[in-house]
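Each chain gets a letter, A, B and so on, in the order its sequence line appears, and its residues count up from 1.
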2 protein chains.
Amino acid sequence: MPKSDNIPAPAVRRLSLYLRQLEAFHAADHRTVSSRQLGEALSLSDAQVRKDFAYFGQFGHPGIGYRVPELIQRVRRILGTDKQSNVLLVGMGNLGRALVSFGGFAKRGFDVVAAFDRDPGVIGMKSPRPIAFSVQPLADLPQVVKEKSIRLGILAVPAPAAQAVADTMIAGGVRGILNFAPVTIQAGLEIAVASVDLGVHLEQLSFQLGTTVS
Amino acid sequence: MPKSDNIPAPAVRRLSLYLRQLEAFHAADHRTVSSRQLGEALSLSDAQVRKDFAYFGQFGHPGIGYRVPELIQRVRRILGTDKQSNVLLVGMGNLGRALVSFGGFAKRGFDVVAAFDRDPGVIGMKSPRPIAFSVQPLADLPQVVKEKSIRLGILAVPAPAAQAVADTMIAGGVRGILNFAPVTIQAGLEIAVASVDLGVHLEQLSFQLGTTVS
DNA sequence: TTTTGTGAATTGCTTCACAGCA
DNA sequence: TGCTGTGAAGCAATTCACAAAA
């Protein structure tokens, strides 16, 4: 049983990176890995790595390091991705279509099993590539959430529609939203929201270039 | 002249959010905005907002607040997006195609003006929608970087190719990379790298659901 | 030896609270 | 009065450094 409370948010963010790197070590047939090796691969200190894992329990073996397959299992358990879960997506514009075609989610434990759009033009569309579902109207969302036990939704609609669609998702039973619209989504504390604003990331790079360099 | 050094990284991240929100206030015809209003819209404290701006200079007017158009200009200047700049993209898979079709970059000061891919099958392709350039082979990258004064590149290739392509971009003169591949890119300190791992964000949501709730 | 786990020290970030200006 | 800018205080996260385990 971990302390469960008082875990720094940055530590949780890094947990995902550790998992990704552990899987890379596993693919390269490393049986064990030390906090220093793991930190080096991710540009973190060895102390940081040990402290982060310590928030969740005792995973290491003194003198040995961490056993890779064991740690992968335990981190997945912590993140809740030890079993596949279903997610839905709303907004089948350019980005939405790219995201449902994107193979990377399934490898990390998330299956995109339903897509919704307001536009009747794309509803019924068999979505790009051989995908097993067709695009449905938003009105069907609550039913699909129940039938497929969906907890997470990806929001890929234009900015002006984002808050209203988010409200619809929440009312329909979605518990967490990954938002790609460049607006701040307002939701209750019991709803988890993460936002990815592609423009923001380029701005960060632009700022760094302005200061890092002459 | 700002102090220039010792600016917390979180403050720089929030600067992009302030800009986005200021533009929303501007569109709604707000002439001025207080730190409290701005903070409320972004779920931040008023003190946080004032302190963040203070890292970069004195922008506010006591008793009044911040003048919206003025602050927008100054934040853009700080981020280096007061003038449009050219960016390139490598990797015309699903995600890459969606990103070049994505209108949101131009509004924030970034024009995607060139696209590259390894696959001869897509080279020469006029890219989706009416876009003014065609996909080129990677060998052309250094020349394009020079001709179009490109400093930033978007990396949207599969994970196994990402590091090699990043090296090619850097050797070609790119100074900052926005990486969508789920790997840590190794680059010199003079190169700015930002990574967006779509799977990681879903994992964060998954973790929050596991702990927030029963 | 090697390497973890962890209290203690340190560094960094945020919030507080108020002087000063409009 | 309303609101900014900022030193000081408080809190959070990281790094240090070492006892214990293999």
Exercise for the section: Could you tell me whether the phosphate oxygens of C:dT15, OP1 or OP2, come under 4.0 Å of any side-chain nitrogen or oxygen in B:Q48? Expected result: yes
Fill in the blank from the handout: DNA chain D nearest-nucleotide lookup for A:D52 and B:G60: closer to the 5′ end is B:G60
Practice task
Just call it for A:F53: base, sugar-phosphate, or nothing, with non-hydrogen atoms closer than 4.0 Å on any strand.
Solution key: nothing
Problem - ring pair (Phe, Tyr, Trp, His ring centres under 6.0 Å) partners of A:H30, counting only residues at least two apart - result: A:F25
Handout entry: With A:L42 via side chain to side chain contact (heavy atoms under 4.5 Å, CB included) - residues at least two apart
Key = A:L17, A:Y18, A:Q21, A:L44, B:T184
Handout entry: Spacing of A:F56 atom CZ relative to C:dT4 atom P, expressed in whole Å
Key = 17 Å
Completion exercise
Taken to the nearest whole Å, CG/B:D46 to P/D:dT4 is 8 Å
Exercise for the section: Kindly write out the residues that satisfy side chain to side chain contact (heavy atoms under 4.5 Å, CB included) with B:P8, not counting sequence neighbours, or none if the list is empty. Expected result: B:P10, B:A11, B:Y55
Please tabulate, one pair per line, each protein N/O and nucleotide N/O from nucleotides 20-22 of chain D that are separated by under 3.5 Å, including the distance.
from: D:dA22; atom 1: O4'; to: A:P62; atom 2: O; distance (Å): 3.1

Problem - Short side-chain N/O contact to C:dT14 OP1/OP2 from B:Y55, under 4.0 Å - result: no
Practice task
Please list all pairs passing the ring pair (Phe, Tyr, Trp, His ring centres under 6.0 Å) test where one or both residues lie in residues 64-83 of chain A, with sequence neighbours left out.
Solution key: A:F53-A:Y66
Practice task
May I ask you to evaluate whether A:R14 reaches the phosphate of D:dT14, defined as a side-chain N or O under 4.0 Å from OP1 or OP2?
Solution key: yes
Exercise for the section: Please list, chain by chain and in numerical order, all residues satisfying salt bridge (charged side-chain N to carboxylate O under 4.0 Å, His left out) with A:D117, sequence neighbours excluded. Expected result: none
Handout entry: Euclidean distance, A:K107 NZ relative to A:F102 CZ, rounded to 0.5 Å
Key = 7.0 Å
Handout entry: Residues forming a side chain to side chain contact (heavy atoms under 4.5 Å, CB included) with B:E40, sequence neighbours excluded
Key = B:R36
Exercise answer: donor-acceptor pairs, residues 76-93 of chain B side-chain atoms, under 3.5 Å, sequence neighbours excluded:
from: B:R76; atom 1: NH2; to: B:E23; atom 2: OE2; distance (Å): 2.7
from: B:R77; atom 1: NE; to: B:D82; atom 2: OD2; distance (Å): 3.3
from: B:Q84; atom 1: NE2; to: B:A106; atom 2: O; distance (Å): 3.3
from: B:Q84; atom 1: NE2; to: B:D111; atom 2: OD1; distance (Å): 3.1
from: B:Q84; atom 1: NE2; to: B:D111; atom 2: OD2; distance (Å): 3.2
from: B:N86; atom 1: ND2; to: B:K148; atom 2: O; distance (Å): 3.1

Exercise for the section: Scan for salt bridge (charged side-chain N to carboxylate O under 4.0 Å, His left out) pairs involving residues 52-62 of chain A, sequence neighbours excluded, and state none if there are none. Expected result: A:R14-A:D52
Between the protein and nucleotides 6-8 of chain D, list the N/O to N/O atom pairs that are separated by less than 3.5 angstrom.
from: D:dT6; atom 1: OP1; to: B:Q58; atom 2: OE1; distance (Å): 3.0
from: D:dG7; atom 1: O6; to: B:K51; atom 2: NZ; distance (Å): 3.3

Practice task
Would you jot down, in residue-number order, the residues of residues 28-37 of chain A having a non-hydrogen atom under 4.0 Å from DNA chain C?
Solution key: A:S34, A:S35
Problem - Check: A:L152 and B:L209 side chains under 4.5 Å, non-hydrogen atoms - result: yes
Handout entry: Residues which pass side chain to side chain contact (heavy atoms under 4.5 Å, CB included) with A:R31, listed by chain and number, not counting sequence neighbours
Key = none
